[in-house]
Amino acid sequence: MSGPRVRFAPSPTGYFHVGSARSALFNWFVARQDPEGVFILRVEDTDESRNREEWVEGIYSAMNWLGLTLDEGPFRQSDNAAAHDSAAQLLRRSGYLYYCDCTFAELETRKGPGATPGYDGFCRERGLERGPTTALRFRTPREGVTIVRDLIRGDVEFVNNLIDDFVVVKSSGAVLYALANVTDDRHDRITHVIRGEEHLANAPKQMMLWEALNAATGDEVALAFYAHLPLLVNEQRKKLSKRKDPVATESYRDQGYLPEAFVNYLALLGWSPRGDEEIVALSTLIEQFRLADVSHSPAFFDVKKLTHMNGEYLRALSLDEFIDRSAPWVAPWSSAWQPSDREPPWREDQFDQHLYGLVAHLVQERVATFAEIPSMVAFFFLDEPTLDEASFAKVIVNDPLGRDLLRGAVQRFERLASWDAASLHDATLALGEEMGLALRKSQAPIRCAVTGSLVGPPLFESLELLGREKTLRRLRVALERV
RNA sequence: GGUCCCAUCGUCUAGUGGCCUAGGACAUCACCCUCUCAAGGUGGAGGCACGGGUUCGAAUCCCGUUGGGACUGCCA
C-alpha cells in the first residue's frame, strides 16, 4: 500500500490567493505526514484567457517562498490536452456524452422567465452529430443519488436528477475544467482531492465523470477521497474577494512577513494544533494535522493576528538572522531578491551596514514586519532626520521649555567626557531635574530634534550610535529653526 | 428561486454526553514595568443563535426556526 497522492491545482490568476496558499498547505501536510506521500502541483491553465507565463511563474515563486516542496511536477494541464480530447471522444462513443446545439437564448425561451437555472436536456435524445456550434454534454443519470464521501464533512448526498446535463466540451472543441481535471486526477492516481468548499457542488459531477471514465476505459482507478475546506471570508463574511480584500500572498511577502509565520497562521485557519499553544513548529503542524479535524465553518483571515504572530517569529530570530533576513528591505542592492515598491528612504552610499548591525537589536523587538524597519532607523542614515512637523511644533516651537532643554543639551553633550548611552542618560536626567522635569519630559525635544519623531528606538543608545558630531549638529539645526 | 454547506467570546478556535460556574490566542480595557514607542508581566470584560425533543445529565445527539455562506458558466 503506497502513500497518499495529493495535488494542488491552481489556475493562474495573476497572483497567489491566500486561500490557495492554505489549500496548497493542507494538501502538502497530508503528503508530508506519510513517508510515501506525494505532493503534486498541476497548473490548470486550460482557459486561454488565464494563461500568462508570468502568472504561472508567480505560482512557482509563491510556493517556493512558502516552502511547499513538490514530489512530482510542476505539471501544466494544457500539456495533457490530447489526453483530454481522447477522453472526451471515448466518453462520447460510449454514450456518456451527447452533442447539443442549444444557444443560451433558445434555452431561455423554452424555460420561460424565472425558471430553475440549468440545462433542460432538450438535445439529450436528438442524436445530433458534431457540428460547428455543437457542445458535448454529459448525460446525467435521471435516477439515484450520488454520495460524496467528504473526509471533512461526512457524506453529502446529491439527487442525480437535480444535476443538469453539464457541458464537458465547448463548441470550440476545448475540453472544460470538469473533465480535464478528472482526467488528470485519474492519470496522476490522485487519492485525495483537497480543495475549497466552493468545489463541493462540482464533486458529484466529477465522480460521475470519474466512474464513466473507469467504465469506458476499462481502467478501474479508485475514486479519490474528497475533502472540502471551509472558505476564507472577509469581515462581511463573504468569500475573500480579489477586488476589496488583501488576498495576494505576494503582498505579504513584500511587506516582510516571514514564510514560517505565514504558514503557521494559515494552518490555524480551519484547524488548530493540540494544546494551548498556537505558535508551533512546522514539524508539529505536519505531525498533528488531520483532515477529519478541520472545521466546517468559514474562517476570517485576520491580518492583525497574522501580524502579531509575525512579530513573535521576528523576535524569536537570532540577531544575525534578523539582520540577514531584513536585508531586502534595508539594503536591497545587496540582496538577491527585492520586495516590490519597498525602497528604503536612503541611498546605498548613505547606508552603513556596520551601524545597522549595531542598531538592529533596538528595532527587532519593535517591529512586526520587516517593512516597518526603514522608517524606524532612517534617521541613522539620512543626512537630516525627516521631521514630523506636528511633533516638532508641540515640543519645541510651542513649548519654551523645549528650547531651553535643547540649549542645555547642547552645552552638556559638548562637554561629556564619555559619549555613551549611560552618560547621555545621566546628562539629560540632570538637565531635566534642574528644570523640575521628569526624564520622560526632558528627553522629548531632544528625541524630536535628533530623530525627527517622538517615537522610536531608545534615545540614548541611538545617540551613542549616531555619534557626538551628528547629534550636536541636529540639536543646533533644530534650535535655528525655531 | 433551486441544490448544498455552516452556526462556541468582536475574530480564529478547544470542546466528540458528565472533567464546562465553557479553555487558549488575536483584538480590546485597566494596572505594572518604562527615556518615547514597542515588547513583556498581571488582571478584567466578552460566547455555546433560538425553540422543541432524547437523556439521570447536553455546547456536545435529533427535529424545527432563524441567520450566514457557496454553487447555480460553452470559467477554474
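Each chain gets a letter, A, B and so on, in the order its sequence line appears, and its residues count up from 1.
With a cut-off of 3.5 Å on both pairing distances, A58(B) has no Watson-Crick or G-U wobble partner at all. When both pairing distances are held under 3.5 Å, A30(B) makes a Watson-Crick or G-U pair with U42(B). Using N1 to N3 plus N6-O4 or O6-N4 for Watson-Crick, or N1-O2 and O6-N3 for G-U wobble, each under 3.5 Å, A70(B) pairs with U3(B).
Contact annotation: side chain of Glu198(A) to base of C4(B), donor-acceptor pair absent below 3.5 Å. A donor N or O paired with an acceptor N or O is found under 3.5 Å between the base of C37(B) and the side-chain atoms of Arg366(A). A donor N or O paired with an acceptor N or O is not found under 3.5 Å between the base of A27(B) and the side-chain atoms of Lys304(A). Counting atom types as modelled, Ser172(A) pairs no side-chain N or O with a base atom of C74(B) as donor and acceptor under 3.5 Å.
Pro457(A) comes within 4.0 angstrom of a nucleotide base, judged by non-hydrogen atoms across all strands. Contacts of Phe300(A) with the nucleic acid, taken as non-hydrogen atoms under 4.0 Å apart, involve only primed sugar atoms and P, OP1 or OP2. If you check every strand for non-hydrogen atoms under 4.0 Å, Leu231(A) touches sugar and phosphate atoms only. Backbone-only contact: Gly270(A) has heavy atoms under 4.0 Å from sugar-phosphate atoms and none from a base. Using a 4.0 Å heavy-atom distance criterion, Ala299(A) is classed as a sugar-phosphate-only contact. When heavy atoms are screened at a 4.0 angstrom cut-off, Glu235(A) is found touching no nucleic acid atom at all. Contacts of Thr133(A) with the nucleic acid, taken as non-hydrogen atoms under 4.0 Å apart, include base atoms. Residue contacts shown for His228(A) are absent, as no nucleic acid heavy atom lies under 4.0 Å away.
Taking only side-chain atoms of Leu200(A), from C-beta outward, the nucleotide of C5(B), C12(B), C37(B) with the closest atom is C5(B). For Lys238(A), the listed nucleotide lying nearest its side chain is A70(B); candidates were C35(B), A70(B), A39(B). With G40(B), G73(B), C6(B) as the candidates, the nucleotide lying closest to the side chain of Arg315(A) is G40(B). For Gln443(A), the listed nucleotide lying nearest its side chain is U36(B); candidates were U36(B), G73(B), A38(B). Here the nucleotide nearest the side chain of Arg447(A), chosen from U36(B), A7(B), C26(B), is U36(B). When the nucleotides C5(B), A27(B), U11(B) are ranked by their closest atom to the side chain of His308(A), A27(B) comes out on top. Nearest to the side-chain atoms of Glu312(A) among the listed nucleotides C35(B), C74(B), G40(B) stands G40(B). Here C5(B) is the nucleotide among C35(B), C5(B), A14(B) with the atom lying nearest to any side-chain atom of Glu197(A). Checking U13(B), G69(B), C71(B) against the side-chain heavy atoms of Ser295(A) singles out U13(B) as nearest. The nucleotide whose nearest atom lies closest to any side-chain atom of Val156(A) is, among U16(B), C5(B), A70(B), C5(B).
Under a 3.5 Å cut-off, the side chain of Asp188(A) and the backbone N or O of Ile40(A) do not form any donor-acceptor pair. At least one donor-acceptor pair closer than 3.5 Å links the side chain of Asp399(A) to the backbone N or O of Leu401(A).
Geometric assessment of Arg137(A) against the ring of Tyr119(A) yields a positive cation-pi assignment under the 6.0 Å and 45° thresholds. For the pair Arg110(A) and Phe122(A), the cation sits on the ring face: its NZ or CZ lies under 6.0 Å from the ring centre, inside 45° of the axis.
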### Query
Step by step, would you call Asp120(A) with Lys111(A) a salt bridge (charged side-chain N to carboxylate O under 4.0 Å, His left out)?
CA-CA 8 Å; Asp120(A) 61 357; Lys111(A) 296 199 303 181; over 6 Å; no

### Query
Between Glu235(A) and Arg237(A), is a salt bridge (charged side-chain N to carboxylate O under 4.0 Å, His left out) present by the stated rule, with each step listed?
CA-CA 5 Å; Glu235(A) 279 161 303; Arg237(A) 299 262 110 198; over 6 Å; no

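Using C1' as the reference atom, C26(B) and G47(B) are 15 Å apart when rounded to the nearest Å. Using atom P as the reference point in both U8(B) and G68(B), the two lie 15 Å apart (nearest Å). With P as the reference atom, U16(B) and U55(B) are 23 Å apart, rounded to whole Å. The separation of A30(B) from G69(B), taken at their P atoms, amounts to 34 Å, rounded to a whole angstrom. Using P as the reference atom, C71(B) and U28(B) are 33 Å apart when rounded to the nearest Å.
Checking the phosphate oxygens (OP1, OP2) of U36(B), no side-chain nitrogen or oxygen of Lys441(A) falls inside 4.0 Å. In terms of phosphate contacts, Arg237(A) brings no side-chain nitrogen or oxygen within less than 4.0 Å of OP1 or OP2 of G10(B). For the pair Lys305(A) and C12(B), the criterion of a side-chain N or O lying under 4.0 Å from OP1 or OP2 is not met. Residue Thr46(A) places at least one side-chain N or O closer than 4.0 Å to OP1 or OP2 of A76(B).
The side-chain contact (heavy atoms from CB on, under 4.5 Å) test with Tyr265(A) singles out one residue from Met309(A), Arg22(A), Glu278(A), Glu260(A), and that residue is Met309(A). Checking Val145(A), Ile163(A), Ile147(A) one by one against Phe158(A), the side-chain contact (heavy atoms from CB on, under 4.5 Å) holds for a single residue, Ile163(A).
The distance from atom CD1 of Ile152(A) to atom P of U16(B) is 20 Å, rounded to the nearest whole Å.
Each of Asp276(A) and Asn202(A) lies near RNA chain B, and the nucleotide nearest Asp276(A) is the one positioned closer to the 5' end. Take the nearest nucleotide of RNA chain B for Cys102(A) and for Tyr265(A): the residue whose nucleotide is more 5' is Tyr265(A).
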